[in-house]
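These notes concern the structure reproduced below.
Numbers for residues simply follow the sequence, beginning at 1. Values below: every heavy atom of this structure, side chains too, minus hydrogens, waters and symmetry copies.
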Amino acid sequence: MYEQEKIKPYNGLGEKGRLVERMFDSIAPTYDTLNHRLSLNIDKGWRKQAIKQLLPFAPKTVLDIATGTGDFAILAAQMLQPSRLVGVDISQRMMDIGQKKVAEAELQGIISFEKEDCLSLSFADETFDAVTAAFGIRNFQDLDRGLAEMCRVLKKGGHLSIVELTAPISAPMRWLFKVYSHTFLPLYGRLISKDKEAYRYLTATIEAFPQGDRMVNILRKAGFSKASYRRLTFGVCTMYFATK
């Protein structure tokens, strides 16, 4: 078991998947605002970088894991122009917001949302040309199982693009990030979202989540033949790319 799998919101009183669902349902109305403000809008650039990794392969069918309110799915649809993009998440309230954004972007014919357990996807083997995930896999109750499912539904030769928040490893950014994530982030998150636990939990999972070479090895163990990573913004975010 990886360290972040042991971390649960709301004092860990219950099964992690259900607690994470409850947490994201709770913060859904303010999630986008907080994401952009807390990252100074840099998160938008991180998503774009992750999607650019897939551009040379022109995937026609895409699965967006832990899609949330659909920002990554919408950007992927606009940049990659697939014929079909499915966003899946355990939080229906997050996806309800995503549905409205998809309608505003006039992408209803391309993007659809489905409530799914990302550890046990309902899709058949080798369904998608590409799988994406932004800022979600560190919430998995079982990381190995979740990544294995992503590999299973990916076609042979298909690609996985992940962008995930990580704790910087080099000074002084490591110290600055620690101060920021333990003081301002949970305080501001609580003030805006009215959920006193959510942003404390999210900080803890960032610090505990495996990263860099260790994460590459985990991806290979999940069934990917090739995997690599690149740190962004002094290591505050890390981008992973893998091939089945």
Side-chain angles (χ1 to χ4, degrees), residues 4-5 7-10 12-35 47 50-51 59 61-77 80 82-155 158 160-164 193 195 197-198 201-202 205 222:
Q4 89 285 347
E5 294 174 356
I7 301 169
K8 303 177 184 179
Y10 307 122
L13 301 176
E15 188 261 333
K16 180 168 182 174
R18 294 187 181 279
L19 292 173
V20 168
E21 178 181 359
R22 173 185 156 196
M23 180 189 74
F24 280 108
D25 279 347
S26 169
I27 65 176
T30 57
Y31 180 79
D32 287 335
T33 298
L34 279 166
N35 254 11
R47 289 186 180 91
I51 295 167
T61 54
V62 180
L63 174 67
D64 187 37
I65 293 285
T67 194
T69 61
D71 276 358
F72 203 38
I74 291 168
L75 189 60
L80 300 173
S83 58
R84 178 190 179 210
L85 192 154
V86 183
V88 298
D89 205 287
I90 59 172
S91 171
Q92 188 61 53
R93 289 193 70 188
M94 294 279 277
M95 290 188 292
D96 288 345
I97 294 170
Q99 288 278 18
K100 295 175 183 176
K101 289 156 70 171
V102 165
E104 290 171 2
E106 299 182 345
L107 291 168
Q108 303 98 313
I110 296 173
I111 299 175
S112 62
F113 293 106
E114 297 182 23
K115 185 172 182 178
E116 291 266 351
D117 178 357
C118 294
L119 305 185
S120 185
L121 296 167
S122 66
F123 307 102
D125 295 358
E126 301 196 4
T127 298
F128 298 96
D129 297 317
V131 176
T132 60
F135 316 123
I137 64 170
R138 72 180 190 280
N139 297 308
F140 284 178
Q141 182 171 308
D142 185 332
L143 178 61
D144 287 334
R145 184 175 167 187
L147 292 174
E149 275 292 275
M150 293 157 80
C151 187
R152 180 184 68 77
V153 301
L154 191 61
K155 292 178 182 177
L160 169 69
S161 183
I162 294 173
V163 62
E164 187 56 84
S193 72
D195 189 316
E197 293 290 332
Y201 158 81
L202 292 171
T205 57

Test F140 against L119 for side-chain contact (heavy atoms from CB on, under 4.5 Å), laying out the working first. CA-CA 8 Å; F140 284 178; L119 305 185; 4.1 Å; yes

Yes or no on side-chain contact (heavy atoms from CB on, under 4.5 Å) for I162 and I137, after CA distance, side-chain angles and deciding distance? CA-CA 9 Å; I162 294 173; I137 64 170; 3.8 Å; yes

Just do the side-chain contact (heavy atoms from CB on, under 4.5 Å) check on M23 and L202 with the steps written out, would you? CA-CA 10 Å; M23 180 189 74; L202 292 171; 4.0 Å; yes

Carefully, step by step, assess V163 and I51 under the rule side-chain contact (heavy atoms from CB on, under 4.5 Å). CA-CA 9 Å; V163 62; I51 295 167; over 6 Å; no

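For D71 against R47, the heavy-atom pair with the smallest separation is CB-NE, 3.9 Å. D89 and M95 make their closest contact through O-CE, 3.5 Å (heavy atoms, listed as atom of the first residue, atom of the second, distance). Here the closest non-hydrogen pair linking G17 and Q141 is N-OE1, 3.0 Å. The shortest non-hydrogen separation linking L80 to P59 is CD1-CG, 4.1 Å. Residues K115 and E21 come closest through the heavy atom pair NZ-OE2, 2.8 Å. Closest approach of L85 to A76, counting heavy atoms only: CD1-CB, 3.8 Å.
Side-chain atoms of R152 come within 3.5 Å of backbone atoms of F123 as a donor-acceptor pair (strictly under, hydrogens ignored). Although no hydrogens or angles enter the test, the distance criterion places no donor-acceptor pair under 3.5 Å between the side chain of D125 and the main chain of V153. Using a distance-only test at 3.5 Å, with no hydrogens or angles considered, a donor-acceptor pair links the side chain of K16 to the main chain of I7. Between the side chain of E116 and the backbone N or O of C118 there is no donor-acceptor pair closer than 3.5 Å. Panel note: side chain D129, backbone T61; a donor-acceptor pair is recorded below 3.5 Å. Panel note: side chain S161, backbone A50; a donor-acceptor pair is recorded below 3.5 Å. Between the side chain of E164 and the backbone N or O of A134, no donor-acceptor pair lies under 3.5 Å.
Cation-pi check for R22 over Y10 is met; the charged atom lies under 6.0 angstrom from the ring centroid and within 45 degrees of its normal.
With 3.5 Å as the limit, one finds a donor-acceptor pair spanning the side chains of R138 and T205. Using modelled atom types, one finds no donor on one side chain facing an acceptor on the other under 3.5 Å when comparing E149 with S120. A side-chain donor-acceptor contact under 3.5 Å links D32 and T69.
Atom OG1 of T127 sits about 9.5 Å away from atom CG of L154, to the nearest 0.5 Å. From T132, atom OG1 reaches atom CZ of F72 across 5.0 Å, with rounding to the nearest 0.5 Å. To the nearest 0.5 Å, the span separating CG on L121 from CD on E114 amounts to 10.0 Å. Summarising the geometry, atom CZ belonging to F128 is positioned 13.0 Å from atom CG belonging to L160; distances are rounded to the nearest 0.5 Å. Atom NZ of K8 is separated from atom CD of Q4 by 13.5 Å, given to the nearest 0.5 angstrom. Rounding to the nearest 0.5 Å gives a distance of 10.0 Å between CG of D64 and CD1 of I74.
Residues V131 and V62 have side chains not in contact (no heavy-atom distance under 4.5 Å, counting atoms from C-beta outward). Between Y201 and N139 the shortest side-chain heavy-atom distance falls below 4.5 Å. Between V102 and F113 the shortest side-chain heavy-atom distance falls below 4.5 Å.
Counting non-hydrogen atoms of other residues, nucleotides and ligands closer than 6.0 Å to CD of E106 gives a total of 12 or fewer.
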